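To find a chain, count down the sequence lines: A is the first, B the second, and so on, and within it residues start at 1. The structure displayed is predicted, hence computed values, not measured ones.
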Protein chains: 4
Amino acid sequence: MPTEKKKEFIYEAALSLIDESDDVSKIKVVDIAEKANIGKGTVYEYFSSKEQLIAESITYMLKKWINHLEDSFGEERSFKENYTLMLESVLSLMEKKHRTILGFISMSESGSHLYKSLNSLMKDSFEELQKSNLQFYEKIVDKSVEDGIIEEKPPLFDWYFAISSSILCVIIHEKHFEGDVGYNHQEIIEKAYNTYIKLLS
Amino acid sequence: MPTEKKKEFIYEAALSLIDESDDVSKIKVVDIAEKANIGKGTVYEYFSSKEQLIAESITYMLKKWINHLEDSFGEERSFKENYTLMLESVLSLMEKKHRTILGFISMSESGSHLYKSLNSLMKDSFEELQKSNLQFYEKIVDKSVEDGIIEEKPPLFDWYFAISSSILCVIIHEKHFEGDVGYNHQEIIEKAYNTYIKLLS
Amino acid sequence: MPTEKKKEFIYEAALSLIDESDDVSKIKVVDIAEKANIGKGTVYEYFSSKEQLIAESITYMLKKWINHLEDSFGEERSFKENYTLMLESVLSLMEKKHRTILGFISMSESGSHLYKSLNSLMKDSFEELQKSNLQFYEKIVDKSVEDGIIEEKPPLFDWYFAISSSILCVIIHEKHFEGDVGYNHQEIIEKAYNTYIKLLS
Amino acid sequence: MPTEKKKEFIYEAALSLIDESDDVSKIKVVDIAEKANIGKGTVYEYFSSKEQLIAESITYMLKKWINHLEDSFGEERSFKENYTLMLESVLSLMEKKHRTILGFISMSESGSHLYKSLNSLMKDSFEELQKSNLQFYEKIVDKSVEDGIIEEKPPLFDWYFAISSSILCVIIHEKHFEGDVGYNHQEIIEKAYNTYIKLLS
DNA sequence: CATGAATGAGGTTTCATTCAT
DNA sequence: AATGAATGAAACCTCATTCAT
């Protein structure tokens, strides 16, 4: 197996443990190795330390997610369709797995310091990712201006916050309001979409 | 020193380390003891384990913060004044300290699973706190309706999300947009306030 | 309360814990203090260390037992009556409590090294006790010669072993043969008595 | 080195420390590791806890001793030769080492409660060993009946006690009567043998 | 005298990392 | 390249003992 493939294999093992775990710091190298069906020592053929491995695994996941989002964004679709697809993507991520990672992404604003020790290790890739993220958000905004949904392109902070808030909407709902006190799927997506519109109008 | 006072003393030591620390799990009992100028063994006279101590410390901080917020909310002030004070409170918390705890509170929606292992130890007090938090939010909303800022009291989810989003606004700004690309203090508070208004109109 | 009385009070607490315990080394000073209804610090007003306390407690028990045995030995009774009373004394000790101590006494031959660390602390009193024990045994032998049960006083080793073996008889029976495969109370006392006779004839 | 061989290696280190030690509970894992010329952590690759290791070490020793005794018992030899060999085995054990263990075996009748905490960990193997011990004793008795030394096979308790007493004889002598007041080697073996004969006649 | 809060030496156990195979 | 046995630093927690009140 080529090196990069093997590393991805290990990433997946690490990520599944990160999601199962209550406490990332409690994950053991031996568990990751076992999950990946390789020997404990082999991990060190590919990564210089456990922290490096964890950091790279999260970076890997983040990249995959950004790519996934970007792929879902098609020029041929209307803005609302694209925006909705992005929100659906967030939701499906929450429903399925990688909740830890999701917190990491969407809440990086307030939560990233929880991982500062990781951040120092993933500083470069994390900054790169934040750039990608920002570019993707900007593509969204530009599209919304292009489609005439938003009259004029607002300042950076405003659109960054609008999209973050929109995502917060679906996340809060998913986590705390599922069931009786909340809305149905269609309604919450609509509400999140409207959040974007309202905040930038 | 009475027991409760001593415990609070230890809480403060723990909290200051939690805030200084990149990684809560790396904090050592001996460090907390040193910070509190007491012996290692003394910690165990007051707490049954390190985890218990950390969990109680965070609960203590959260309670203090909620109380602080509620105290800042005066019936004699206008809604906007009250709301602004609440946002200032969030900001001052971020600027000064307890960033970890802030993440804990404001992002509990998406981030709480990061603390699952703590939560299990502080389940009861945490639920109580979330109830307090919700009650405080509701007091805000009621005031805004009473003052005629909002025409009619919206559904639970809507106002909960509106306030969360408003707080997200100041947090994102504080963390990522300080300096050139952002706004000044007055502007960002105004923007956060408007977020609440917009989202509930 | 006079000092000696208080010490005896603490001895009794310690002894009851020694008997309840699987492992003498696991007994905590705080437990002894609690059992004696005194403060932890008070223990150190009477004893210089935990080991000292344990050692003295055992010595106290041993002395009490020897005295008890000697008191049971009356010149006016026949040898067999006296011997039987001694065996009953052993049995009652086993049935009631102080099994640990009993092991200590009767099995000091092979078991005492288990307590070497204690022995060093109780060396003097232990030697004194062994002397008392020996004197008591000798009184038994002399009586048996005097009463004509044994023709001639045998060498030290022989009578010491004969009595030890006799005691072993009731102990083994009590511990392992109670019930179906064993004898009734009368029979086993008789058997133990006969052991003495046989071994010295 | 295969796992079982390595464990035995660690057993031997532990046993030598048990014998040197005044107090089993004072033995440190690091000492056992040093004695075995391995790292402290390595011990935990083979045993789940210190108590487990101690318990298994004693079980190991007991098994070895029982096997040794049984091997020494040959059908082609006379009963007295066999019995004498068994007693010699006890004595050589006492002279050389494993005094703690010896107490454990021969005095298990009255002393086993001293090891209750160990027993709980080695319950199964200990029961198995006691069965082996009993079977060995019975083989001895049967041989004595077969050889006509004893007329008729006595009840279980009687022969069990007779052999125990016989062993007690050599143990007491070895521990307390070596030198002036005692007998020479030949005499004490003879005396112990006669104890068996007398008690079953 | 009596106390128990405070202490810290000391012991157990964990686990990331190494390295010989 | 892959392994996993071996390691020991590091951290938690216990508890005998002290000492100020």
Quiz item: Can a donor-acceptor pair under 3.5 Å be found between the side-chain atoms of K28(D) and the base atoms of dT12(E)?
Solution: no
Quiz item: Ignoring hydrogens and angles, does a donor from either the side chain of K6(B) or the base of dG4(E) sit under 3.5 Å from an acceptor on the other?
Solution: no
Taking NZ, NE, NH1 and NH2 as the nitrogens, is one of them in [X] or [Y] under 4.0 Å from a carboxylate oxygen of the other?
{"X": "E34(D)", "Y": "K28(D)", "answer": "no"}
{"X": "K63(A)", "Y": "E56(A)", "answer": "no"}
{"X": "K35(C)", "Y": "E20(C)", "answer": "yes"}
{"X": "E12(A)", "Y": "K64(A)", "answer": "yes"}

Quiz item: Starting at the 5' end of DNA chain F and moving along, which residue's nearest nucleotide shows up first, N37(D) or S48(B)?
Solution: N37(D)
Practice problem: Could you check E45(D) against K50(C) and say which one's nearest nucleotide on DNA chain F is further toward the 5' end? | Solution: E45(D)
Practice problem: State the pairing partner of dG10(E); accept Watson-Crick or G-U wobble contacts with both distances under 3.5 Å, and report none otherwise. | Solution: dC13(F)
Self-check item: Any strand: nucleotide that pairs with dT21(E) via Watson-Crick or wobble, under 3.5 Å
Solution: dA2(F)
Practice problem: Check every strand shown and say whether I27(A) touches a base, only sugar-phosphate, or nothing at a heavy-atom separation below 4.0 Å. | Solution: sugar-phosphate
Exercise. Would you please confirm or rule out a distance under 4.0 Å between OP1 or OP2 of dT7(F) and any side-chain N or O of T42(D)?
Key: yes
Quiz item: To the nearest angstrom, how far is F47(B) atom CZ from dA5(E) atom P?
Solution: 15 Å
